[in-house]
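Okay, so here's the structure we're looking at.
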Amino acid sequence: MTLGERQGDEKNDSKYCGVETEFNDDMPQLLSLNIHGGFDFVVAPLMDPAYRPSLLVSSNGGSGVLPFAGSDLVLSPSQWSSHVVGKISSWLDLDSEDEMLRRDSEITLKQEIAWASHLSLQACLLPAPKGVTCANYARCVNQILQNLSNMQLWLRIPLEKSDDGNRSPNSMGEEHRDSWEMWNSFRTLGEHHSQLSVALDVLSSLPSVNSLARWFGEPVRAAIINSNSFLTNARGYPCLSKRHQNLLTECFNHSIQIVISGQQMQNIPTGTSVSNSHNSNNQSEGVEGMQRHPLRSYLDYIAYLYQKMDPLPEQERFELGYRDYLQSPLQPLMDNLEAQTYETFEKDTTKYIQYQRAVAKALVDRVPDEKASTITTVLMVVGAGRGPLVRASLQAAEETGRKLKVYAVEKNPNAIVTLHSLLKIEGWEKLVTIVSSDMRCWDAPEKADILVSELLGSFGDNELSPECLDGAQRFLKEDGISIPSSYTSFFQPVTASKLYNDIKSHKDLVHFETAYVVKFHRVARLTSPQPVFTFNHPEDSTRKSNHRYTKLRFEIPTDTGSALVHGFAGYFDSVLYKDVHLGIEPSTATPNMFSWFPIFFPLRTPMCVQPGIPLEVHIWRCCGTSKVWYEWGVTSPSSSPIHNCNGRSYWVGL
C-alpha cells in the first residue's frame, strides 16, 4: 500500500515506504506481516546474525550450509525483487584491528551480496563504517561492484554533523564529526561507482539546513527514520518536529524512499485510528483478523506528510522527463531548428508577454502620444523564427496605439515558408516584410528604431547573441533601442553526483569538457550564484572583441561542512528594456517560463571544498575565426586542469 498519490508525480518512488526488520528465518511470514501491515517493502537481514565463517570452519571443516533466511523458493522472484531489500549483517567490521574479525567480515560480505544477487534483489543495505578509516571496507565493496549486475548497494550513513563551523580543516576526531566526510571518503575510494548510493540514518537531532541541503546532490536512495526520533502529539500519537517534516518533504521531492525502523515508542490510544488523527486517507486498521502492525501509527504519519504536499505544478509536470537529463546546447547558427523545437519555444507565453511589455515601453518612449498617428516606427526582428516576436511586437503596437513597420529577418529557409503562410493568415502583408537572410550579411534598406531578438542561451551569450547582434548593429539608428539591451551570465558551484556519473560513463575526455543544458533535480546548490560576463547592446564601438575572462571566488557557508563540487551551474539574467527583465538566475528567475534550463559545466575530477577555504574558478570566453568556446578551471582549494583548451571538445560554430 503506497503512501498515497501526488497529482502529476505518480511515478515518484518515494511513495513506497519500507520497514527495517530483525532476522527471521521464515521469510514468507515476515513479508506477509509487514505487507499486510501497510508497508511496501522490508529491509531484512539475509543471514543469521550469529554466523561467523571461522566458527563454521572449525566446527565442520567448512562443509556446512550457510544459514540464510530460507531458500530462494520460499518467495516468488517478483516478491524477492519488489518487496525485499537485503540487510547485510551489521556486525561486519572490515577495517578491524582483529584479523579474524576482519577476514570473517570480508567473507560474509561477499557471501551475502552473492546470495542477494542470486535472489535478484534490487538493493542491499550495507552497514555504516565502524571507525574513522574505511579503506578495506571500500576496497571490498568496490571489488564486488566490478562484477555486480544491476543491484544497488546502499551504504548506511548516520545523518550527523557537529555544530562547529570554525574548526580547522585538518582537525579530525569524534568531537568534530561530520558523517558526510565518511561517505565522501568511502565513495572516493570506490571510484564514485554509480551503483553505490546512500541510506541516511535520520536521528532525533538534525544538522543545519545548509548541511542537510548538500545531501540532495548525492545519490541518496533511502532515509531510515527510527521510532525514537518521533515526538508525541497532544493526542498521544507519533509526530515529527517541523525540521524533520521539512526534511521528509525534501526526501519526497527527490524520490528518496522512507524506511521506518525501531520499536513502537508511543502508547497509542485505543478506539481511534491514527490516520484520523492526521486527517490521512490511509486505512490504519490491519487486515481483518490480523493484529495491527506495531509501527502502523508511524507509517500513517509518514503517509499524512506525503498526502498533504501540494500537487506538482503544471510546469514541473511538463519538465519531469527532462530532470537530470544531459542535453547538448543548440547550435542555432550552424544548424537550422526543427519545427518541433520552434513549437516548444513558442508555447512559452510568459517569455513573449515580457517581450511584448518591453516593445510597448520602447514604442511609448520612442513616439510621444501627440505624434502616434504620424510617426511610423521601424522595428526589425532578427532571428524571427516562425514569427512569435513579430506577433508580440504587433500586439504591443496595437496596445499602445503606435504605427509600426516590421522587418522579419530569418536565415532558416524552412521557417521562411511558415512566415509567409503566417502573413497571409494574419493579414500582415502591409505591416511585415520578410527577409530570408543571415542578419550578419543582410544589407538593410533603412535603419531600425528598435532591434528585437531572442538569441539568448542558458548562459546568456552561449548561442552567440553578441556576435549576431554585433553584425546587426550596423542597421540600428544611433539612438536606436535593442531588446534585449543587456544580459549577464552567472556561475554557481553544485554537487551533482548523478550528472557526474552520467558523464563519467562515456569514459572519455570530450564529455567532461562539454557544457550541457539540464533540468536540475538531484543537485545541491552550495552557495549563491555570482555574475560572470555582461554584454550590452547596442555595444560601445570602443570594444572590439567579445573575448572575456573572469575569476570568481566562492565561500561555502561554514555550517554546510565539507562538500564535493562536481561542476558549475550556469544561468543568465537579461534586461529586455528598462525595468522589463527575463532570466533563469534562481534569485530573480522569471516565473512560469520553460524556454531555458540551466547549463552545467562539469569538472573532470570533483573538488572537495572544506569550511573556511575559498573555491576559486576561472572562466574564459574565447573567440576564433569560425567558433566561440569556453574554457574553465579551478585554482583553489587545489588546481584542476583547464577544461576545453582551444575548444578541443566543445564549441559553438559561427
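Not measured: the values here are computed from a predicted model.
In terms of modelled atom types and a separation under 3.5 Å, the side chain of Glu316 and the main chain of Pro313 share no donor-acceptor contact. Not one N or O on the side chain of Asn24 forms a donor-acceptor pair closer than 3.5 Å with the backbone of Met27. A donor-acceptor contact shorter than 3.5 Å links the side chain of Arg317 to the backbone of Leu312. With hydrogens and angles disregarded, no donor-acceptor distance shorter than 3.5 Å links the side chain of Arg156 to the backbone of Leu125. Between the side chain of Gln263 and the main chain of Ser227, no donor-acceptor pair closer than 3.5 Å is present. Panel note: side chain Gln257, backbone Asp13; a donor-acceptor pair is recorded below 3.5 Å. The main-chain N or O of Phe39 is never found under 3.5 Å from a side-chain atom of Arg296 such that the two would form a donor-acceptor pair. Panel note: side chain Thr527, backbone Ile556; no donor-acceptor pair is recorded below 3.5 Å. Arg522 places no side-chain N or O within 3.5 Å of a backbone atom of Ser497 that could act as its donor or acceptor partner.
Applying the side chain to side chain contact (heavy atoms under 4.5 Å, CB included) criterion to Arg604, with sequence neighbours excluded, gives Leu509, Phe512, Glu513, Pro641, His643, Arg648. Applying the side-chain hydrogen bond (donor to acceptor under 3.5 Å, both in side chains) rule to Glu585 yields the partners Ser587, Thr588; only residues at least two apart in sequence or on another chain are considered. In this structure, the side chain to side chain contact (heavy atoms under 4.5 Å, CB included) partners of Asn228, at least two apart in sequence or on a different chain, are Asn226, Met265. In this view, Asp348 satisfies the salt bridge (charged side-chain N to carboxylate O under 4.0 Å, His left out) rule with no residue, not counting sequence neighbours. Checked against salt bridge (charged side-chain N to carboxylate O under 4.0 Å, His left out), Glu346 has the following partners two or more places apart in sequence or in another chain: Arg386. Under the side-chain hydrogen bond (donor to acceptor under 3.5 Å, both in side chains) criterion, Glu319 pairs with Gln315, Lys519, not counting sequence neighbours. Qualifying side chain to side chain contact (heavy atoms under 4.5 Å, CB included) partners for Ser205, counting only residues two or more places apart in sequence or in other chains: none. Under the rule for a salt bridge (charged side-chain N to carboxylate O under 4.0 Å, His left out), the partners of Asp502 that lie at least two apart in sequence or sit in another chain are Lys498. In terms of the side-chain hydrogen bond (donor to acceptor under 3.5 Å, both in side chains) criterion, Ser185 has no residue partners (sequence neighbours excluded). Not a single salt bridge (charged side-chain N to carboxylate O under 4.0 Å, His left out) links Glu191 to another residue, sequence neighbours left out. Taking His192 as the reference, Arg187, Thr188, Tyr500, Asn501, Lys504, Leu564, Pro606 meet the side chain to side chain contact (heavy atoms under 4.5 Å, CB included) condition, with sequence neighbours excluded.
Checking Lys161 against Ser211 by side-chain atom types alone, no donor-acceptor pair falls below 3.5 Å. Side chain to side chain, Ser208 and Asn210 fail the donor-acceptor criterion of an N or O pair below 3.5 Å. Residues Asn142 and His193 bring no donor and acceptor atom of their side chains to less than 3.5 Å of each other.
In Tyr325, the OH atom is not crowded: 12 or fewer heavy atoms of neighbouring residues, nucleotides or ligands sit closer than 6.0 Å. Within 6.0 Å of the OH atom in Tyr322, the count of heavy atoms belonging to other residues, nucleotides or ligands does not exceed 12.
For the side-chain contact (heavy atoms from CB on, under 4.5 Å) with Val259, the lone residue among Val42, Leu200, Val202, Val43 that qualifies is Val43. Each of Trp632, Phe490, Tyr571, Phe601 was scored for a ring pair (Phe, Tyr, Trp, His ring centres under 6.0 Å) with Phe459, with one residue passing: Phe601.
Remark: aromatic rings of Tyr16 and Phe41 are distant, center separation not under 6.0 Å. Residues Phe554 and Phe491 place their aromatic rings such that the two centres sit no closer than 6.0 Å. Ring pair Phe572/Trp596: centre-to-centre distance below 6.0 Å.
Using a 4.5 Å cut-off on side-chain heavy atoms (C-beta onward), Asn253 and Met309 make contact.
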Donor-acceptor pairs under 3.5 angstrom involving side-chain atoms of residues 83-92: please list them, not counting sequence neighbours.
residue : atom : partner : partner atom : Å
His83   : ND1  : Asp40   : O            : 2.8
Lys87   : NZ   : Glu20   : OE2          : 2.8
Ser89   : OG   : Glu112  : OE2          : 2.6

